[in-house]
Protein chains: 2
Amino acid sequence: MHRSNEPHGHRVGRNTAELSRRLGERFVRDPELIAPYSRDSSRAQPAGEALGLVLAESTADVSAALAWAHANRTPVSVRGAGTGLTGGANAYAGGLVVSLERMNRVLRVDASNRLAEVEAGVVTADLDAACREHGLFFPPDPASARSCTVGGNIATNAGGLRCVSHGVTRDSVAGLEVVLADGRVMRTGARTRKNVVGYDLTSLFVGSEGTLGVITSALVRLKPVPPGAPRTFRAAFDRVEDAGRAVTAIVNGPATPEVLELMDALSVEIIESFRPSGLTIPGGAMLVGQTVGLDAAERASAIVATCAAFGAVDTEISETDALLEARRLSNPALNARGLKISCDVGVPVAALAEVFHGIGEISCRLGLRVSSVAHAGDGNLHCTVEAPSGPDGTASAERVIDEITRLALSLGGTITGEHGIGSLKRHELPWQLDPVAMEVQRSIKAALDPRGILTPDRAI
Amino acid sequence: MHRSNEPHGHRVGRNTAELSRRLGERFVRDPELIAPYSRDSSRAQPAGEALGLVLAESTADVSAALAWAHANRTPVSVRGAGTGLTGGANAYAGGLVVSLERMNRVLRVDASNRLAEVEAGVVTADLDAACREHGLFFPPDPASARSCTVGGNIATNAGGLRCVSHGVTRDSVAGLEVVLADGRVMRTGARTRKNVVGYDLTSLFVGSEGTLGVITSALVRLKPVPPGAPRTFRAAFDRVEDAGRAVTAIVNGPATPEVLELMDALSVEIIESFRPSGLTIPGGAMLVGQTVGLDAAERASAIVATCAAFGAVDTEISETDALLEARRLSNPALNARGLKISCDVGVPVAALAEVFHGIGEISCRLGLRVSSVAHAGDGNLHCTVEAPSGPDGTASAERVIDEITRLALSLGGTITGEHGIGSLKRHELPWQLDPVAMEVQRSIKAALDPRGILTPDRAI
């Protein structure tokens with residue numbers, strides 16, 4: 001299977017006059033204005049200085065930009081809010097940056113069918129708020145919901161805290177509008193719950209990280225806001241493995257949480273030093289979560305009792321969501337410390353105790369501290385390494401991440417649950433995918449983007 | 001975008017000795033033995049007499065068969081139990097039939113991760129029974145669950161009665177083993193709830209109707225059997241539109257059913273004359289359904305109360321599932337009457353009253369009776385036309401189906417919810433898909449099956 005034509009070795013000085021004429025002030029050439037759009041929130045470096053930035057305000061703008069890039073064999077990076085963590089949205093040298101941030105309208109909430117049509121650049125929390133006016137909510141809930149965009153969530157299938165109860169973002173996407181590599185516009189999916197008309201292009205584009213097309217709008221599925229007042233709970237454990245065992249038991253028990261998160265001792269310490277909230281640093285780890293519904297209080301009690309049975313030394317049930325707020329501060333707190341070498345592995349929930357034990361062993365053996373926060377209920381871990389400064393420190397930290405990733409795979413897990421591959425994890429792909437699956441991925445990429453202009457050399 | 005090479009005009013007398021040598025008695029040449037494997041349960045006719053039948057017992061058998069077919073440019077049809085309703089599994093003239101019926105082992109139930117590994121030819125109800133030994137169940141529940149196979153369910157994304165509460169079959173598939181057109185074997189998906197490693201090939205193959213590869217085994221997601229005793233309920237309505245309005249209200253209300261089905265008066269009459277169970281024929285339609293969980297009785301009462309508010313004239317709550325049994329007899333009862341001209345449209349649930357009203361209008365105007373059963377809770381209707389015998393009658397009935405299909409589309413619906421396109425609905429594809437989406441479908445098909453041997457000229 002041959003690789004798609006690579007766009008590298010592009011010609012400099014391409015004629016961008018057509019783009020200026022079509023897009024006016026929405027096509028930006030000033031490097032200083034482009035710079036803030038040239039990288040995501042990860043440690044990955046942009047591949048070089050972009051040729052221009054398209055501040056798209058419509059599908060037609062995106063189509064014009066891609067048709068131009070296709071004709072001129074120009075690499076394109078695509079971004080919502082730039083909260084990505086794998087370098088997937090970083091600019092290419094001589095490339096075009098397409099920003100969806102101005103396409104930020106909630107087009108329609110169809111309450112009686114529990115659907116919403118939304119442009120890709122809508123901030124996730126804004127969509128959720130618009131739905132709540134109708135007694136509905138948007139289930140995906142990335143920790144960065146107040147800044148990330150729906151289009152970015154869909155492009156990496158990033159779901160965050162509520163996936164344990166509502167499934168991944170893909171489960172909330174009924175259809176998409178997509179601009180293909182050559183500028184053609186396509187609609188996928190249907191307004192019905194069931195639909196088996198042709199291949200499931202919607203699911204193909206969810207998680208495709210900007211490599212197959214640019215998602216410009218989405219038809220998303222909503223759920224009714226549960227009745228009653230939610231409860232939050234926390235449980236402190238002296239040993240992180242016990243917390244892992246408790247999670248496995250909770251997930252397989254009758255009292256289901258809407259959210260079930262784990263913060264190990266080091267991550268609580270990092271969050272508390274960033275913005276103190278009075279949380280006691282646990283000996284090993286703290287579980288925090290939320291229950292909803294008319295029986296939220298009973299559910300929280302049952303979950304806390306399970307925690308106690310697995311060794312929790314201190315538990316609390318609350319009617320506020322301060323505990324979850326602390327969890328949401330994890331990324332800003334890590335950023336404030338300059339900690340960027342992290343991973344996003346997943347394991348089957350029954351393997352949680354084992355993966356935490358193994359991470360402790362790796363940390364000890366390689367002599368670097370690792371902080372872990374986890375969407376524990378679905379087995380998705382975000383581990384960050386404290387690295388000494390300098391290239392040697394970085395290399396050591398990368399080695400820790402590689403070992404954690406191989407550990408997760410050995411337990412039946414995945415190299416990325418929701419951050420995607422981007423540029424940072426591309427070397428790990430063959431660790432998980434068999435060679436035939438990789439060939440199939442690349443043949444699909446070549447079929448849809450024969451010139452290889454869309455987010456080249458990333459994701460697959 | 002060019003079409004894939006068509007396998008037609010194949011050479012007769014191809015050398016099948018290699019297949020006999022590789023497969024022994026599992027390669028069948030006797031036309032009488034092949035005949036029962038040459039068609040599905042629909043009105044579609046096989047395209048001709050097959051060259052041979054492969055009774056695969058392993059992935060290696062399927063791989064050998066496809067490698068041979070690829071080398072010899074021979075069209076392949078794939079079948080589980082032959083319960084399909086669109087001609088998708090019908091044999092091709094000079095083609096190979098690959099049957100998965102002997103690959104019928106439940107390989108493993110991983111209770112603590114709520115996963116099962118299962119060969120494609122396992123009968124759906126058998127998988128469900130194996131899971132129930134572990135306190136778990138397999139959510140998809142096609143009306144033909146006691147005879148259809150898991151592989152067939154996945155190939156058409158057929159989910160049946162419980163989709164209203166548990167989602168479609170795609171939502172229950174975590175990974176697949178697939179044999180590609182040239183015999184290569186690939187694994188997709190992961191054991192983790194979250195996974196965003198490369199494109200979602202699992203979802204691409206779900207619903208691909210045998211056109212991209214042959215699914216040989218699946219990793220499926222299970223759910224815990226709800227505690228308590230389920231309740232079934234029924235509500236009779238004088239007008240089918242009122243029943244539709246009641247369904248919309250129930251689905252948007254707080255008391256969620258696990259199953260919510262509608263049978264119109266004619267379909268109840270057909271089922272009762274096939275196997276009398278004492279059901280009273282309703283004036284317009286009957287809703288039947290099931291609630292589960294510790295509050296099953298309260299939920300059933302709330303649902304029945306909603307039905308009464310929307311005009312139900314007679315309601316009942318029961319602890320037996322006789323009402324659902326009647327619903328499951330719909331297809332055998334229609335078959336016994338020789339009624340095969342049917343459709344599988346879907347509409348958004350808020351459009352149910354309108355679609356039923358429209359079907360009545362079409363039936364009156366064209367002078368043919370239409371019976372409808374519906375997975376009403378997810379807006380999926382199976383309508384069957386009573387046609388006079390002979391080609392004129394068939395043509396009139398097909399016209400009714402076409403009009404119902406266009407009506408569903410006009411209401412934001414779909415041409416097929418779970419039966420797939422097969423050969424029977426291929427002319428309807430451009431009614432729903434835009435031309436760009438059709439081109440993309442075909443470019444994916446060409447990338448994965450460049451010689452066009454897998455279920456050619458069907459599905460897309």
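Labels below follow one simple rule: chain letters A, B, ... track the order of the sequence lines, proteins then strands, and each chain is numbered from 1.
Listed by first then second residue, pairs satisfying salt bridge (Lys or Arg N to Asp or Glu O under 4.0 Å) with a partner in residues 429-438 of chain B number zero, not counting sequence neighbours. Among pairs with a residue in residues 194-207 of chain B, those fulfilling salt bridge (Lys or Arg N to Asp or Glu O under 4.0 Å) read Arg170(A)-Asp200(B), Asp378(A)-Lys194(B), Glu418(A)-Lys194(B), at least two apart in sequence or across chains. For residues 163-203 of chain B, the set of pairs meeting the ring-ring contact (aromatic ring centres under 6.0 Å, His included) definition, not counting sequence neighbours, comprises Phe137(B)-His166(B).
Taking each heavy atom of Val197(A) and Ile415(B) in turn, the nearest pair found is CG2-CG1, 3.5 Å. Taking all atoms of both residues into account, the shortest heavy-atom contact from Ala447(B) to Ser443(A) is CB-O, 3.8 Å.
At a 4.5 Å heavy-atom cutoff, Pro227(B) makes no contact with chain A through either its backbone or its side chain. Heavy atoms closer than 4.5 Å to chain A are found in the backbone of Ala111(B), but not in its side chain. Only the side chain of Glu209(A) has a heavy atom closer than 4.5 Å to any heavy atom of chain B. Residue contact with chain A, scored on non-hydrogen atoms closer than 4.5 Å, involves the side chain of His375(B) exclusively. Only the side chain of Ala190(B) has a heavy atom closer than 4.5 Å to any heavy atom of chain A. Only the side chain of Leu180(B) comes within contact range of chain A, judged by heavy atoms closer than 4.5 Å. For a residue to count as touching a neighbouring chain, one of its non-hydrogen atoms must lie under 4.5 Å from one of that chain's; by this rule Asn195(A) touches chain B with backbone and side chain alike. Contact annotation for Val347(B): only backbone heavy atoms (N, CA, C, O) come within less than 4.5 Å of a heavy atom of chain A. Residue contact with chain B, scored on non-hydrogen atoms closer than 4.5 Å, is absent for Thr188(A). Both the backbone and the side chain of Pro348(A) come within less than 4.5 Å of a heavy atom of chain B. With a threshold of 4.5 angstrom between heavy atoms, Gln441(B) approaches chain A through its backbone and through its side chain. For Val185(B), the part lying under 4.5 angstrom from a heavy atom of chain A is the backbone only.
By number of non-hydrogen pairs under 4.5 angstrom with chain A, the leading residue of Val178(B), Leu448(B), Leu212(B), Asp171(B) is Leu212(B). Comparing Val164(A), Thr416(A), Ile421(A) by heavy-atom pairs within less than 4.5 Å of chain B, the highest count is held by Thr416(A). The candidate with the highest count of non-hydrogen atom pairs below 4.5 Å against chain A, out of Asn157(B), Leu429(B), Asn380(B), is Asn380(B). Between chain B and the residues Asp110(A), Leu115(A), Thr211(A), the most heavy-atom pairs under 4.5 angstrom are made by Thr211(A). Interface check for chain A: of the options Gly198(B), Gly346(B), Gly207(B), the most heavy-atom pairs under 4.5 Å are formed by Gly198(B).
Within residues 244-252 of chain B, the residues having any heavy atom closer than 4.5 Å to a heavy atom of chain A are Val251(B), Asn252(B), listed by residue number.
Atom CD of Glu117(A) sits in a crowded spot, with more than 12 heavy atoms from other residues, nucleotides or ligands closer than 6.0 Å.
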Using the side chain to side chain contact (heavy atoms under 4.5 Å, CB included) rule, take Thr414(A) and Val196(B) through it: C-alpha gap first, then chi angles, then the decisive distance, then the call.
-> CA-CA 8 Å; Thr414(A) 178; Val196(B) 59; over 6 Å; no

Determine, step by step, whether Leu201(A) and Ile444(B) satisfy the side chain to side chain contact (heavy atoms under 4.5 Å, CB included) criterion, reporting the C-alpha distance in whole Å, the side-chain angles of both residues, the deciding distance to 0.1 Å, and the verdict.
-> CA-CA 10 Å; Leu201(A) 299 181; Ile444(B) 292 171; 3.7 Å; yes

